[in-house]
Visitor: 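Below is the structure I would like to discuss, written out as structure tokens.
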Protein chains: 2
Amino acid sequence: MKHDSFNESVEMYLKTVSELAAGDGLAPISALAQHLGISAVSATEMVHRLGEQGLVDHVPYKGVTLTLTGAQHAYRVIRRHRLWECFLSEHLGLGWQHVHDYACQLEHATADEVADAVAAFLGQPAVCPHGNPIPDRNGRLAEPDDEPLSEWRPGDRGSLSRVFPESFLLLDYLAMHNIRPGRTVIVTELAPFNGPMMVQIGGLPHALGHEIAAHIYGIRQNDQPI
Amino acid sequence: MKHDSFNESVEMYLKTVSELAAGDGLAPISALAQHLGISAVSATEMVHRLGEQGLVDHVPYKGVTLTLTGAQHAYRVIRRHRLWECFLSEHLGLGWQHVHDYACQLEHATADEVADAVAAFLGQPAVCPHGNPIPDRNGRLAEPDDEPLSEWRPGDRGSLSRVFPESFLLLDYLAMHNIRPGRTVIVTELAPFNGPMMVQIGGLPHALGHEIAAHIYGIRQNDQPI
DNA sequence: TAGCTAGTTTAGGTAAGCCTTAAAACAGCG
DNA sequence: CGCTGTTTTAAGGCTTACCTAAACTAGCTA
């Protein structure tokens, strides 16, 4: 079977399925279409093509999962993406909130040899600047055991681990408020009626909407001293 | 008029016209087609489209030149290409003969901000690893005053300046023979009937075919001591 | 000066990936 | 069981960038 160097479009589909399926394991086509900014009909078409190529499995009316082959390709793309993010951020001094979009472009134009050389140059980093783990060259990914803040309860404390999934608007907002991996968090209050979650991050109070809280992950350490 | 971030195809055309027109100033469509690995018909079509967008001027049956706008875009692409070559070669330790192809992929996926940051990281290099000058961020390019070895005559001496245009096959051959910018050259003999050119490069004898000699440039310094 | 040849252009066609609109199939609910 | 909203199929189109085959032109050569 030829690897054939999948094109940008295919890589974006695989990467997006991987992201959407991270939690429940099944990515609805509608979500896929929305994420990629295309119509649901087009997404369905493409999913069929990917299915024929053995990259995804489609359960009608339920969603899409990656096959083993598909997952390997997705992780290769994600690896390149996160390695470039490290490089752009640490060595080129580009803004934490901007490197995601730059890496999105570079990830499709990077040969495996280049990705490996970047990894070596960076000292085989384990996570990207936004805290997400970097797959190894064989496509293996260490799943972190953190939880989105949206599942934390008042009194819970710990430290921020990652932002996922990443998007410029979210990252820019977080950068502006100095919220990033490594910061300590304490959940102080959960407003009723689906209101915002009140937290202290790095000692400063913040009100996080539900959507945002679901995209910020942290490791709970309630037994630790304050 | 929108800049619209030209796509890969357009960028390849502009870059190739720039290369082919480097000497005579007019790139024949057939040469363009051959270089890009497409049919002459397709090249003609595309040249029309580029002409409508004001990127090239086409003189029928003669060839193509870049307009001012077209040249600026071409140089932006070339700048990214050569900056990546520097980075890949100097910092990632990838082979001199391989970085050209890797850079060909990256050049189309690099935002100007990233290119500028790479340039700063590298210390604003003046030339790529193959000796070709790097345009500045405004698209200005210092034209070197060297000549292809094919125009040298027996007795001429000097130093190699660059390989142009670049291609993997040529670079690989040169790498294998330790021929690269900076080496000293002396033309010892010009075989008759369009035969090879006999030279000494870095003290070692080489026989260069006409094609190859036309792609290696050097600066003649006949007044210098041996 | 007609004719040859290399280079160019026109005409007609393909494939990938996207689109819209409309109709059919289904899941999950009361 | 039937309703409602989501998902999928069907049909027809668009754009980009490529193709082949055939017609045409420029400029040289006989």
Side-chain angles (χ1 to χ4, degrees), chain A residues 2-17 20-21 24-65 70 73-74 77 104-105 107-109, chain B residues 2-17 20-21 23-66 70 73-74 77 104-105 107-109:
Chain A
K2 290 194 63 180
H3 271 192
D4 229 358
S5 99
F6 296 101
N7 67 26
E8 191 167 325
S9 198
V10 171
E11 289 187 348
M12 283 306 290
Y13 272 89
L14 296 180
K15 201 181 75 155
T16 308
V17 172
L20 293 175
D24 17 18
L26 214 55
I29 286 192
S30 54
L32 195 54
Q34 192 198 321
H35 254 249
L36 293 169
I38 61 177
S39 76
V41 177
S42 301
T44 306
E45 262 184 359
M46 187 59 158
V47 163
H48 284 328
R49 277 194 290 262
L50 296 178
E52 281 163 21
Q53 293 174 59
L55 297 170
V56 302
D57 286 326
H58 180 209
V59 185
Y61 298 96
K62 296 294 167 139
V64 184
T65 47
H73 287 298
V77 177
C104 265
Q105 303 181 252
E107 68 189 7
H108 307 294
Chain B
K2 291 196 60 179
H3 270 192
D4 230 355
S5 100
F6 296 100
N7 66 25
E8 188 165 329
S9 199
V10 171
E11 290 186 349
M12 283 306 289
Y13 273 89
L14 296 179
K15 201 180 77 154
T16 309
V17 172
L20 293 175
D24 16 20
L26 214 55
I29 287 192
S30 55
L32 195 54
Q34 192 198 322
H35 254 249
L36 293 169
I38 60 175
S39 76
V41 178
S42 303
T44 306
E45 260 185 1
M46 188 59 157
V47 162
H48 285 327
R49 278 195 290 262
L50 297 178
E52 280 163 21
Q53 293 174 60
L55 296 170
V56 302
D57 287 326
H58 179 211
V59 186
Y61 297 99
K62 296 292 166 136
V64 185
T65 47
L66 295 174
H73 287 297
V77 178
C104 267
Q105 303 181 253
E107 68 190 7
H108 308 295

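FYI, side chains are in, hydrogens and waters are out, and symmetry mates aren't considered; it's all heavy atoms of this structure. Here is how names work: the chains are called A, B, and so on, in the same order as the sequence lines, proteins then strands, and each is numbered from 1.
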Visitor: Given atom CD of A/E45 and atom P of D/dA10, what is their separation to the nearest angstrom?
Guide: 11 Å
Visitor: Using the side chain to side chain contact (heavy atoms under 4.5 Å, CB included) definition, which of the options A/E11, A/H35, A/Q34 pairs with A/T16?
Guide: A/H35
Visitor: Which heavy atom of B/V56 sits nearest to which heavy atom of B/V47, and what is that distance?
Guide: CG2-O, 3.7 Å
Visitor: About how many Å separate CD of A/Q53 and NE2 of A/H73, when rounded to the nearest 0.5 Å?
Guide: 9.5 Å
Visitor: Nearest to the side chain of B/S42 - D/dT8, D/dT16, D/dC19?
Guide: D/dC19
Visitor: What is the 5' to 3' range of DNA chain C, first to last nucleotide, that sits under 4.0 Å from any heavy atom of chain B?
Guide: C/dG7 to C/dG12
Visitor: How close do B/K15 and B/C104 get, counting heavy atoms only, and between which atoms?
Guide: NZ-SG, 3.5 Å
Visitor: Using C1' atoms of five pairs at each end, report the bend of the helix from C/dT1-D/dA30 to C/dG30-D/dC1 rounded to 10 degrees.
Guide: 20°
Visitor: For residues A/T65 and A/G25, report the shortest heavy-atom separation together with the two atoms involved.
Guide: CG2-O, 2.6 Å
Visitor: Just to be sure I understand the rule, does A/S9 reach a base, reach only the sugar-phosphate, or reach nothing, if contact means heavy atoms closer than 4.0 Å?
Guide: sugar-phosphate
Visitor: Tell me which of B/G63 and A/Y13 sits closer to the 5' end of DNA chain C, going by the nucleotide each one is nearest to.
Guide: B/G63
Visitor: Side-chain contact, heavy-atom cut-off 4.5 Å: A/E8 with A/Q105?
Guide: no
Visitor: Would you indicate which nucleotide in D/dC24, D/dT8, D/dT16 comes nearest to any side-chain atom of B/N7?
Guide: D/dT16
Visitor: Are A/I38 and A/L32 close enough, and set up right, to give a side-chain contact (heavy atoms from CB on, under 4.5 Å), and what steps lead you there?
Guide: CA-CA 9 Å; A/I38 61 177; A/L32 195 54; over 6 Å; no
Visitor: Where along residues 26-39 of chain A does a heavy atom fall under 4.0 Å from DNA chain D?
Guide: A/I29, A/S30
Visitor: If every non-hydrogen atom of A/A33 is compared with every non-hydrogen atom of A/A43, which pair is closest and at what distance?
Guide: CB-CB, 3.8 Å
Visitor: Could you give me the CA-CA distance, side-chain angles and deciding distance for A/L14 and A/V77, then say whether side-chain contact (heavy atoms from CB on, under 4.5 Å) is met?
Guide: CA-CA 9 Å; A/L14 296 180; A/V77 177; over 6 Å; no
Visitor: State, with a plain yes or no, whether a side-chain heavy atom of A/N7 is found less than 4.5 Å away from one of A/H108.
Guide: no
Visitor: For the OG1 atom of A/T44 and the NE2 atom of A/H58, what is their distance to the nearest 0.5 Å?
Guide: 6.5 Å
Visitor: Send over the distance from B/E52 CD to D/dT16 C1', rounded to a whole Å.
Guide: 14 Å
Visitor: Any side-chain N or O of A/H48 under 4.0 Å from OP1/OP2 of D/dT8?
Guide: no
Visitor: Look at the side-chain N and O atoms of A/K62 and state whether any lies under 4.0 Å from the OP1 or OP2 oxygen of D/dT8.
Guide: no
